[in-house]
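What follows is a short report on a single structure.
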Number of protein chains: 2
Amino acid sequence: MTDLNNFFKSAFTVDNVIFGFDEADLKVLLIKRGEEPYKDTWALPGYFVYPNENLDEAAGRVLEELTGLQNVFLEQVKTFGAVNRHPFGRVITVAYFSLVKINAYNVQAASIASDAEWHSVSDVKDLPFDHMEILKACFNRLKWSIRTRPVGFELLPPKFTLTELQHLYEAILETPLEKRNFRKKILSMNLLIDLEESQEGVAHRPARLYQFDPEKYRQFLSEGFIFELKETKKRDNRRKLQEV
Amino acid sequence: MTDLNNFFKSAFTVDNVIFGFDEADLKVLLIKRGEEPYKDTWALPGYFVYPNENLDEAAGRVLEELTGLQNVFLEQVKTFGAVNRHPFGRVITVAYFSLVKINAYNVQAASIASDAEWHSVSDVKDLPFDHMEILKACFNRLKWSIRTRPVGFELLPPKFTLTELQHLYEAILETPLEKRNFRKKILSMNLLIDLEESQEGVAHRPARLYQFDPEKYRQFLSEGFIFELKETKKRDNRRKLQEV
DNA sequence: GAGAATTAGTGTAAAAAATACACATTTAAA
DNA sequence: TTTAAATGTGTATTTTTTACACTAATTCTC
């Protein structure tokens with residue numbers, strides 16, 4: 001144990017599941033791999049962790065090289081290290097997901113990728129390595145995170161309508177929500193600023209614009225409140241026979 | 001990218017936060033390190049991941065070498081890889097926690113440890129490396145897990161009383177619970193078998209013994225129910241002034 | 001500029017869940 | 001037989017969740 005060099009060492013990477021939200025659909029940014037193995041296949045972006053780099057930094061770098069974006073929401077999800085997950089040797093990867101405002105995204109030709117493209121999460125069926133498993137783990141974590149912390153706003157433009165917010169929740173949770181109850185719940189947390197502005201350029205009654213207020217959220221937390229959108233729980237609909 | 005050998009490789013370990021529950025206290029199994037760095041200091045058990053070993057297997061091996069136990073509940077929590085977390089070089093570690101029935105535990109002299117001992121989690125204040133941070137992350141995950149999945153039973157003997165179960169929840173959640181409501185909630189989930197036996201050898205009214213039924217839990221899940229013990233949420237006690 | 005189309009925005013009653021709370025019961029020990 | 005100790009139970013109140021349908025505001029079309 002005294003000399004680390006005597007020990008087995010593994011190649012060490014991060015993979016980053018980059019989520020975006022475009023009107024009605026949750027998207028994930030995939031790259032077309034430029035090199036073997038799986039050349040020309042759509043895959044999750046990822047790269048080696050450099051010796052002088054923390055894990056979060058590596059994940060942030062992968063994202064920045066691909067999109068040009070900095071200071072983006074990033075969360076570590078799980079580490080995948082099955083012995084045979086990479087055909088060329090032992091490669092252990094830490095999976096992250098990040099949330100980007102899809103409009104702020106700029107395609108850049110990253111060295112590793114010959115191409116990058118948004119795909120609807122629900123359409124992604126085949127990915128190389130164990131990337132399907134990684135995507136699922138990150139998607140599940142996102143489902144969880146959006147119910148317990150105000151992270152949904154990371155996927156929306158700074159000004160948004162409550163309907164847009166609801167559509168985002170519906171896309172991530174993969175379930176329809178009831179409009180009045182959703183609005184009541186969200187507004188009752190008092191985390192949004194009503195901008196007293198309206199949408200423009202829509203062919204119907206324009207909606208009010210809101211903004212998430214991180215300062216109000218800090219306050220909310222310091223007062224001991226908990227952000228929570230309940231998981232839709234199946235009810236027990238069994239009823240006793242009624243007497244007539 | 002084609003030749004993994006050209007890339008930086010890191011030493012790669014697992015650390016395992018082994019929890020046990022002893023009557024009233026949540027405990028963690030620490031080892032006294034037998035080697036530098038931090039020789040003779042209490043620390044979390046951990047070891048290198050072998051080339052032919054998956055991560056879960058490595059964590060299970062660490063546990064088995066230390067306690068002799070197999071098939072124990074194990075959950076991956078988070079990977080820690082700060083550049084300078086280990087003084088001898090870059091060491092990235094995947095943190096797991098496991099839940100053991102403290103009575104089933106057998107001390108074994110593990111090669112890495114000169115000693116192993118249960119410590120009350122609340123008493124552990126100093127640990128080497130970033131082990132305090134790892135312990136906290138695992139403890140927080142356990143708090144979460146015990147509220148959302150029936151994992152508490154892993155820490156209790158197969159037959160237990162509802163009072164023991166409540167004490168376990170209180171120890172992990174670090175908050176007192178109301179007896180009647182706790183029992184009502186737990187029993188209403190219908191996951192326990194009432195063994196129609198009683199405690200023996202206690203100097204007061206003996207309590208009924210129960211057993212967790214994994215088969216009932218599978219049923220419960222397949223019917224779409226969700227295991228959930230609500231987080232105690234701070235209430236808003238502000239009241240409007242009353243008219244007299 | 002009248003009417004149609006479209007989406008925004010709102011309130012309330014009913015059901016379910018969570019909470020607060022106190023005493024009788026059972027056993028072993030003295 | 002009494003005492004000590006922990007078990008086990010029921011109900012009323014409050015809070016939260018759910019279900020549900022119409023009016024309002026705007027643009028577009030004719």
Side-chain angles (χ1 to χ4, degrees), chain A residues 23-24 147-148 156 159-170 173 175-190 192 194-210 224-240 242, chain B residues 23-24 147-148 156 159-170 173 175-190 192 194-210 224-240 242:
Chain A
E23 289 163 24
R147 291 197 301 104
T148 54
L156 293 175
K159 300 175 178 189
F160 52 85
T161 70
L162 292 182
T163 301
E164 286 167 347
L165 186 64
Q166 183 180 336
H167 288 336
L168 171 65
Y169 272 83
E170 291 175 328
L173 298 176
T175 183
L177 299 171
E178 211 278 323
K179 182 166 61 163
R180 277 170 293 194
N181 295 338
F182 177 80
R183 295 161 95 97
K184 210 184 308 175
K185 179 82 190 183
I186 290 287
L187 290 176
S188 73
M189 293 196 198
N190 248 301
L192 300 186
D194 179 345
L195 292 171
E196 303 189 348
E197 291 176 55
S198 292
Q199 273 183 313
E200 286 177 13
V202 287
H204 54 75
R205 176 173 177 179
R208 293 195 145 216
L209 294 172
Y210 290 85
F225 291 106
I226 295 164
F227 186 98
E228 184 176 39
L229 275 101
K230 220 191 172 77
E231 186 157 0
T232 306
K233 189 186 300 198
K234 181 182 162 178
R235 275 160 190 300
D236 193 346
N237 287 318
R238 285 168 292 191
R239 289 278 175 271
K240 289 185 187 142
Q242 307 242 333
Chain B
E23 289 163 23
R147 291 197 302 103
T148 55
L156 293 175
K159 300 176 177 189
F160 51 85
T161 70
L162 293 182
T163 302
E164 286 167 348
L165 186 63
Q166 182 180 339
H167 288 338
L168 171 64
Y169 271 85
E170 290 175 330
L173 297 176
T175 182
L177 299 171
E178 210 279 323
K179 182 165 61 164
R180 278 171 291 194
N181 296 337
F182 178 79
R183 295 161 96 96
K184 207 184 309 174
K185 179 81 191 185
I186 290 287
L187 290 175
S188 74
M189 293 197 200
N190 247 302
L192 299 186
D194 180 345
L195 292 171
E196 303 189 347
E197 292 176 54
S198 292
Q199 272 182 314
E200 286 176 12
V202 287
H204 53 74
R205 175 174 177 179
R208 288 193 150 221
L209 293 171
Y210 291 85
F225 292 105
I226 295 164
F227 187 98
E228 184 176 40
L229 275 102
K230 219 189 171 80
E231 186 157 359
T232 308
K233 189 186 299 198
K234 180 182 162 179
R235 275 157 191 300
D236 193 345
N237 286 319
R238 286 168 290 190
R239 289 278 175 272
K240 291 187 186 137
Q242 307 240 333

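Any value given below was found using the heavy atoms of this structure, including those in side chains, with hydrogens, waters and symmetry copies removed. Numbered from 1 within each chain, the chains take letters A, B, ... in sequence-line order.
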Open item on the list: Could you tell me how far apart A/Phe182 (CZ) and C/dG9 (C1') are, to the nearest whole angstrom?
Closed with: 14 Å

Open item on the list: Can you say whether a donor on the side chain of A/Lys184 sits under 3.5 Å from an acceptor on the base of C/dT12, or the other way round?
Closed with: yes

Open item on the list: Please report the distance, rounded to the nearest Å, between CE in B/Met189 and C1' in C/dA18.
Closed with: 13 Å

TODO: Measure from CD on B/Gln199 to C1' on D/dA5 and round the result to the nearest Å.
DONE: 12 Å

TODO: Can you tell me the distance, in whole Å, between the NZ atom of B/Lys185 and the C1' atom of C/dA18?
DONE: 9 Å

Open item on the list: Any non-hydrogen side-chain atom of A/Leu229 less than 4.5 Å from a side-chain atom of A/Leu177?
Closed with: no

TODO: Provide, to the nearest angstrom, the distance between the CD atom belonging to A/Glu164 and the C1' atom belonging to C/dT7.
DONE: 13 Å

Task: For atom OH of A/Tyr210 and atom C1' of C/dA8, their distance in whole Å - done: 10 Å

- [ ] Please report, rounded to the nearest Å, how far the P atom of C/dG9 is from the CD atom of A/Glu196.
- [x] 13 Å

Task: Salt bridge present between A/Glu178 and A/Arg180 (N-O < 4.0 angstrom) - done: yes

Open item on the list: Quiz question: going by heavy-atom distance under 3.5 Å, is there a donor-acceptor pair between the base of C/dA18 and the side chain of B/Arg180?
Closed with: no

- [ ] Tell me what B/Arg183 touches on the nucleic acid: a base, only sugar-phosphate, or nothing, going by heavy atoms under 4.0 Å.
- [x] base

- [ ] Examine the base of C/dA8 for any acceptor or donor lying under 3.5 Å from a partner atom in the side chain of A/Arg205, and report the outcome as yes or no.
- [x] yes

Task: A/Thr163 side chain, from C-beta outward: closest of D/dG8, C/dA8, D/dG10 - done: C/dA8

TODO: For B/Glu178 and for A/Leu162, find the nucleotide of DNA chain C with the closest heavy atom, then tell me which residue's nucleotide is more 5'.
DONE: A/Leu162

Task: Pairwise 5' ranking along DNA chain C for A/Ala203 and A/Lys179, keeping only the more 5' one - done: A/Ala203

